[in-house]
Each structure stands twice: as C-alpha cells, then as structure tokens.
Amino acid sequence: MAPKIKWYPSPAKLNLFLHIIGRYENGYHQLQSLFQLLDQGDEIGFDINANSTIRIAEQLSGVPEHENLVYRAAIALKAYAHERNGCVLHINKRLPMGGGIGGGSSNAATVLVVLNQLWHCNLNTEALAQIGLTLGADVPIFVHGNTAFAEGVGDVLLPTATTEKWYLVATPNVSISTKTIFTSVDLPRNTPKIDFKTYSFEKTHNDCQSLVEKTHKDVANLLHWLLHYAPSRMTGTGASVFAVFDAKENADKVLHLLPDCYAGFVAKSVNRSGLHIALGL
C-alpha cells in the first residue's frame with residue numbers, strides 16, 4: 001500500500017529591516033527586526049508510522065540527516081509523544097538554502113507544529129517555540145505563525161498587521177555564512193533602538209547589508225539592479241534580496257527581466273502563516 005503522505009505549508013519570511021542595537025554578555029546580538037511572512041514557501045510531507053522510526057525520505061545534498069533541522073525538530077518533539085509514533089518526512093524544497101528567507105527554520109517549525117497535533121503531544125505554542133529556539137533563532141516566528149516585530153535575539157515577538165505588498169525575492173548563486181557576518185569586526189552594533197509604533201520601511205535598514213555587499217559582489221550587483229525598479233533590500237544576512245511592489249503585475253514584470261544568473265520568485269505578504277490557516281490554528 002502506498003504511504004498516505006499529508007502535506008503542509010512551510011512559508012518563507014523576509015526581514016524587512018534588521019537593526020543590531022547591542023550585544024549581550026553571552027555574545028549573542030540584540031536585534032530589532034520585522035519578520036514578514038509570505039504566501040510562498042516549501043512543503044513538508046508527513047507519513048506517520050507506529051514503529052517509532054524517524055527518517056527523511058529525500059536527503060538534502062550536503063546535509064547529513066542528523067544535521068537536518070527537519071530531522072532534529074522531530075527528534076526534539078519525540079520526547080513529548082505519548083504513543084509509539086514515528087514519521088517519514090518528505091521535503092518539497094522550493095526556497096533557496098542559505099538565503100535568509102527562513103527555509104530550514106520554517107521547515108523545522110512546520111515539523112514541530114504538525115507533529116504536535118499528529119502525535120498528540122498537546123504542547124502549547126510557547127512550549128513549541130521554546131523547543132524551536134534550541135534549533136535556531138528564527139524557528140519561533142514560524143511556530144507562532146504571525147508577521148511580527150522582533151527584539152531580543154529575534155525571539156521576543158510582537159504580532160503586527162502589515163499592509164499588503166508584493167515582493168520579488170531574488171537570490172544570487174553564493175553562500176554566506178551567518179556566523180562570519182555576526183563575528184565580523186566591521187558589523188555595526190550600535191544602531192539606536194526604534195519605537196515600533198513609528199516604523200516605516202524608508203526609515204529603517206539592514207545593518208548586515210553593507211558588509212555583505214563589500215564581501216559578496218554578486219549581492220551588491222543584484223541589489224544595484226533591483227533598485228532601478230523598486231525599493232530593495234537584503235533580508236537577514238543574505239544572500240537573498242527583495243524588492244517591494246504595490247501590485248503583483250509590476251513585480252511579475254521585473255521578475256521576467258531578472259537576469260538568468262539569479263533565481264527569483266514573486267510572493268504576497270500575509271499576516272498569518274499558511275500553515276496555521278491550514279491547521280485551523
């Protein structure tokens with residue numbers, strides 16, 4: 001009998017801005033950001049079994065199974081399952097890896113939220129988010145499932161409603177180490193704290209962008225190209241960048257013009273995760 005795979009969304013996000021306002025004694029950076037959820041992303045498939053086995057059906061190139069966030073999320077939640085349940089996990093990968101748009105973190109969050117239901121763990125959202133934080137700083141935003149302002153290390157979240165926009169998300173064929181960016185002596189770490197009530201895109205920036213542009217010319221060239229068409233910025237520590245449009249047709253036109261050396265897609269902003277809508281949460 002063919003496996004009964006249930007598929008669930010694993011949405012992308014953008015950091016519409018990223019300010020580094022200081023550093024904690026433990027070395028982690030104190031941030032302010034706006035996590036904007038999108039209506040596009042990966043999909044995670046679940047084939048529940050009763051033999052306690054957890055495995056990934058399709059291995060990602062260069063990522064051993066035990067290091068994959070999807071696998072690690074399932075293992076982390078297994079301790080809370082009350083039955084002898086296992087799962088074969090399927091990953092329909094659409095988002096670029098290492099792009100700063102939440103691919104791996106979102107995948108992990110989808111596993112936590114969905115298996116919490118399928119395995120009848122009955123953990124509340126905050127408990128799931130705490131597990132998610134042990135996997136990565138960006139996992140909690142996807143567990144909570146709301147577009148939100150973020151502070152702390154990105155884990156203190158204030159849900160917010162943003163005006164509908166369309167985003168052209170483009171990614172050059174480069175790999176950027178988040179650790180390298182955050183440990184650089186050239187990274188600004190003293191941006192004044194803003195009041196989220198007065199937020200505007202034009203009055204914010206990404207503190208990582210200038211450093212990445214200096215060290216990765218492909219990112220700088222892509223941003224320079226996009227700025228001819230619309231307000232544009234890097235998300236997270238890159239390598240993905242985005243341009244902001246009021247209408248889908250305008251974003252589609254620029255996507256059509258995007259040079260072939262870049263991967264890109266158009267997505268709409270959403271205030272609630274497609275995963276949480278699908279689960280009725």
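What you see is a predicted model, and the numbers here were worked out from it, not measured in a lab. Numbers here simply count residues along the sequence, with the first being 1.
Rounding to the nearest 0.5 Å places OG of Ser240 at 14.5 Å from OH of Tyr167. Here the straight-line distance linking atom CD1 of Ile75 with atom CZ of Arg72 works out to 11.0 Å at 0.5 Å rounding. For the atom pair Tyr8 OH and Gln117 CD, the distance stands at 7.0 Å (nearest 0.5 Å). Rounding to the nearest 0.5 Å gives a distance of 6.5 Å between CG of Asp186 and NZ of Lys214. Expressed to the nearest 0.5 Å, how far CD of Glu151 lies from CD of Gln30 amounts to 7.5 Å. Note that CG of Leu128 and CD of Glu126 are 9.5 Å apart. Values are rounded to the nearest 0.5 Å.
Proximity of Leu38 to Val169: side-chain heavy atoms (C-beta onward) are separated by under 4.5 Å at one or more points. With contacts defined as side-chain heavy-atom distances shorter than 4.5 Å, the pair Glu65/Ile54 does not qualify. Under the 4.5 Å side-chain criterion, counting only non-hydrogen atoms from C-beta, Leu223 is in contact with Gln209. Contact annotation: the side chain of Trp119 approaches that of Ile48 to within less than 4.5 Å [non-hydrogen atoms, C-beta and beyond]. The shortest side-chain heavy-atom distance between Phe242 and Ile101 does not fall under the 4.5 Å cut-off. Considering only heavy atoms from C-beta on, Arg233 comes within 4.5 Å of Phe201 through its side chain. Between Thr235 and Asn15 the shortest side-chain heavy-atom distance falls below 4.5 Å. Between Lys193 and Gln32, the closest side-chain pair of non-hydrogen atoms falls below 4.5 Å.
No donor-acceptor pair under 3.5 Å is formed between the side chain of His216 and the backbone N or O of Leu211. Counting only distance, with no hydrogens or angles, the side chain of Thr53 and the backbone of Val88 share no donor-acceptor pair below 3.5 Å. A donor-acceptor pair under 3.5 Å links the side-chain atoms of Gln36 to the main chain of Val270, judged by distance alone. In this structure, the side chain of Arg55 does not engage the main chain of Gly86 through any donor-acceptor pair within 3.5 Å. In terms of modelled atom types and a separation under 3.5 Å, the side chain of Lys78 and the main chain of Asn85 share a donor-acceptor contact. The closest donor-acceptor contact from the side chain of Thr147 to the backbone of Thr160 lies at 3.5 Å or more, if one exists at all. Using modelled atom types, no side-chain atom of Asp155 and backbone atom of Ala137 make a donor-acceptor pair closer than 3.5 Å. At least one donor-acceptor pair under 3.5 Å links the side chain of Thr134 to the backbone N or O of Ile131. No donor-acceptor pair under 3.5 Å is formed between the side chain of Ser273 and the backbone N or O of Asn146. A donor-acceptor pair is defined here as one N or O able to donate and one able to accept, closer than 3.5 Å; no such pair exists between the side chain of Ser184 and the backbone of Thr180.
Taking both residues in full, the closest heavy atoms of Pro188 and Asp207 are given as CD-O, 3.4 Å, listed atom of the first, atom of the second, then distance. Nearest heavy atom pair, residue Leu95 against residue Asp42, reads N-OD1, 2.7 Å. The nearest pair of heavy atoms linking Pro140 to Gly132 is CD-C, 4.3 Å. The heavy-atom pair separating Cys208 from Thr237 by the smallest distance is SG-CG2, 3.9 Å. The two atoms that bring Ala108 and Leu69 nearest to each other are CB-O, 3.8 Å, heavy atoms only. Contact between Cys87 and Phe46 at its shortest, heavy atoms only, is SG-CD2, 3.9 Å.
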Take Val114 and Ile44 through the test side-chain contact (heavy atoms from CB on, under 4.5 Å) and record every step on the way to the result. CA-CA 10 Å; Val114 173; Ile44 306 296; over 6 Å; no
Kindly indicate, with the supporting measurements, whether the criterion side-chain contact (heavy atoms from CB on, under 4.5 Å) is fulfilled by Leu112 and Val139. CA-CA 10 Å; Leu112 291 176; Val139 178; 4.2 Å; yes
If you apply the rule side-chain contact (heavy atoms from CB on, under 4.5 Å), what do you find for Asn116 with Tyr80, and how did you get there? CA-CA 9 Å; Asn116 186 49; Tyr80 301 90; over 6 Å; no
Verdict with supporting geometry, Asn271 and Leu37, side-chain contact (heavy atoms from CB on, under 4.5 Å): CA-CA 6 Å; Asn271 291 320; Leu37 297 181; over 6 Å; no
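His90 and Trp7 have tilted rings, their planes meeting at an angle from 30° to 60° on a 0 to 90° scale. Between Trp225 and Tyr229, the ring-plane angle classifies as tilted under the 30° and 60° cut-offs. Using the six-membered ring where Trp is involved, Phe182 and His29 have ring planes that are tilted, between 30° and 60° apart. Between Phe149 and Phe196, the angle of the ring planes stays under 30°, which puts this pair in the parallel group of the 30/60° scheme.
For NE2 of His82, the number of neighbouring non-hydrogen atoms (other residues, nucleotides, ligands) closer than 6.0 Å is greater than 12. Applying the 6.0 Å contact sphere to CG of Asp195 captures more than 12 heavy atoms from other residues, nucleotides or ligands.
At a threshold of 4.5 Å between side-chain heavy atoms, the hydrophobic network of Ile, Leu, Val, Met, Phe, Trp and Tyr places Tyr28 and Ile20 in two separate groups. No path of Ile, Leu, Val, Met, Phe, Trp and Tyr side chains, each step under 4.5 Å between heavy atoms, connects Leu281 with Phe142, placing them in separate hydrophobic clusters. Cluster annotation: Leu18 is connected to Met234 through the hydrophobic network of ILVMFWY side chains, with a link wherever side-chain heavy atoms come within less than 4.5 Å. When the side chains of ILVMFWY residues are joined at heavy-atom separations under 4.5 Å, either directly or via intervening members, Leu157 and Leu123 end up in two distinct hydrophobic clusters. Note on Leu258: it does not cluster hydrophobically with Phe265, by side-chain heavy-atom contacts below 4.5 Å among ILVMFWY residues.
Look at Asp246 and Lys165 and you find a salt bridge, because one of the NZ, NE, NH1 or NH2 atoms lies within 4.0 Å of a carboxylate O, short of that distance.
Side chains of Arg84 and Asn51: a donor-acceptor N/O pair is absent below 3.5 angstrom, by distance only.
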